[in-house]
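These figures come from a predicted structure and were not determined experimentally.
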Amino acid sequence: QVQLVESGGGLVQAGGSLRLSCAGSGRPFSRYAMGWFRQTPGKEREFVAVISWSGGSTLYADSVKGRFTISRENAKNTVYLQMNSLKPEDTAVYYCAAGTLIRITTTEYDYWGRGTQVTVSS
């Protein structure tokens with residue numbers, strides 16, 4: 001089992017920045033690719049970004065490419081999502097997830113956090 005806890009969400013104005021953190025515990029954190037997803041009411045949970053176990057490979061959704069950066073510190077069992085130039089359409093609950101491979105579909109992930117709310121005002 002891997003337990004994941006997200007933090008760092010909040011209310012920010014459009015154009016601002018936030019950094020989300022996801023702290024892991026349980027099985028060795030460094031074995032897993034880590035992804036960030038987001039969800040708004042009535043919509044499917046959507047892929048945002050993913051990073052390989054080593055941090056050497058990353059993948060981003062087109063909607064966040066160039067604005068968001070995913071990173072990880074395995075020694076701290078933590079993955080981050082730096083979000084810059086935020087837009088109102090980035091408003092969502094953001095979830096981190098642990099999986100075996102770099103994937104963009106929710107079904108490929110084994111463990112999930114409970115999410116953190118990000119609200120971007122216009």
Side-chain angles (χ1 to χ4, degrees):
Q1 289 288 334
V2 175
Q3 293 79 42
L4 302 172
V5 179
E6 302 92 339
S7 62
L11 173 64
V12 64
Q13 288 189 331
S17 298
L18 281 175
R19 189 175 82 155
L20 305 184
S21 299
C22 173
S25 61
R27 288 185 174 179
F29 184 79
S30 60
R31 292 184 180 181
Y32 295 93
M34 297 298 298
W36 284 99
F37 290 76
R38 65 188 181 185
Q39 189 171 23
T40 55
K43 292 190 176 182
E44 298 280 330
R45 193 169 296 187
E46 66 171 3
F47 167 75
V48 174
V50 61
I51 188 167
S52 63
W53 66 271
S54 67
S57 297
T58 58
L59 189 64
Y60 296 92
D62 288 343
S63 59
V64 307
K65 202 172 294 183
R67 300 188 298 122
F68 291 11
T69 302
I70 189 171
S71 61
R72 66 190 297 163
E73 288 189 77
N74 286 339
K76 295 184 178 181
N77 288 350
T78 302
V79 63
Y80 305 99
L81 186 68
Q82 178 67 43
M83 305 186 296
N84 299 329
S85 303
L86 282 161
K87 304 175 182 180
E89 51 263 44
D90 294 318
T91 296
V93 177
Y94 283 72
Y95 298 87
C96 69
T100 305
L101 299 171
I102 295 180
R103 292 292 186 265
I104 65 171
T105 54
T106 57
T107 55
E108 300 283 354
Y109 288 81
D110 301 312
Y111 304 102
W112 292 85
R114 293 188 175 186
T116 185
Q117 176 71 46
V118 171
T119 303
V120 184
S121 64
S122 57

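Between Thr78 atom OG1 and Met34 atom CE the span is 9.0 Å, to the nearest 0.5 Å. Atom-to-atom distance recorded for Arg31:CZ and Asn74:CG is 12.5 Å, nearest 0.5 angstrom. How far CZ of Arg72 is from SG of Cys22: 9.5 Å, rounded to the nearest 0.5 Å. Atom CG of Asp90 and atom OG1 of Thr119 lie 11.0 Å apart (nearest 0.5 Å).
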Trp36 vs Val64, side-chain contact (heavy atoms from CB on, under 4.5 Å): CA-CA, chis, key distance, verdict
CA-CA 11 Å; Trp36 284 99; Val64 307; over 6 Å; no
Would Met83 and Val12 count as a side-chain contact (heavy atoms from CB on, under 4.5 Å) here? Give the steps.
CA-CA 11 Å; Met83 305 186 296; Val12 64; over 6 Å; no
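Sorted by first and then second residue, the ring pair (Phe, Tyr, Trp, His ring centres under 6.0 Å) pairs involving residues 47-91 (not counting sequence neighbours) are Phe37-Phe47. The side-chain hydrogen bond (donor to acceptor under 3.5 Å, both in side chains) contacts involving residues 12-25 comprise Gln3-Ser25, Ser17-Asn84, where partners must be two or more places apart or lie in separate chains.
The minimum heavy-atom distance between Ser122 and Pro88, with the atom names listed, is CB-CG, 3.8 Å. Nearest approach of Ser63 to Arg38, heavy atoms of both residues: OG-NH2, 3.5 Å. Nearest heavy-atom pair across Gly56 and Ser52 is N-OG, 3.2 Å. Ala92 and Gln117 get closest at one heavy-atom pair: O-NE2, 3.4 Å. Thr116 and Gly9 get closest at one heavy-atom pair: OG1-N, 3.2 Å. Here the closest non-hydrogen pair linking Phe29 and Asn77 is CB-OD1, 3.2 Å.
When each of Leu18, Leu20, Val118 is tested with Leu81 by the rule side-chain contact (heavy atoms from CB on, under 4.5 Å), just one qualifies, namely Leu20.
Criterion: ILVMFWY side-chain heavy atoms under 4.5 Å apart, direct or through other members. Under it, Val79 and Ile102 are not part of a common hydrophobic cluster. In the hydrophobic cluster analysis, where Ile, Leu, Val, Met, Phe, Trp and Tyr join through side-chain heavy atoms closer than 4.5 angstrom, Tyr32 is grouped together with Ile70.
Side-chain N or O atoms of Arg67 include one that pairs as donor or acceptor with a backbone N or O of Ser85 at under 3.5 Å. Using a distance-only test at 3.5 Å, with no hydrogens or angles considered, a donor-acceptor pair links the side chain of Tyr109 to the main chain of Arg103. Within the 3.5 Å criterion, the main-chain N or O of Cys96 finds a donor-acceptor partner in the side chain of Glu6. Under the 3.5 Å distance criterion, the side-chain polar atoms of Thr58 are left unmatched by any main-chain donor or acceptor of Ile51.
Proximity of Thr40 to Thr91: side-chain heavy atoms (C-beta onward) are nowhere separated by under 4.5 Å. Between Thr106 and Trp112, the closest side-chain pair of non-hydrogen atoms falls below 4.5 Å.
Take Glu89 and apply the side chain to side chain contact (heavy atoms under 4.5 Å, CB included) test, not counting sequence neighbours, and it matches Lys87.
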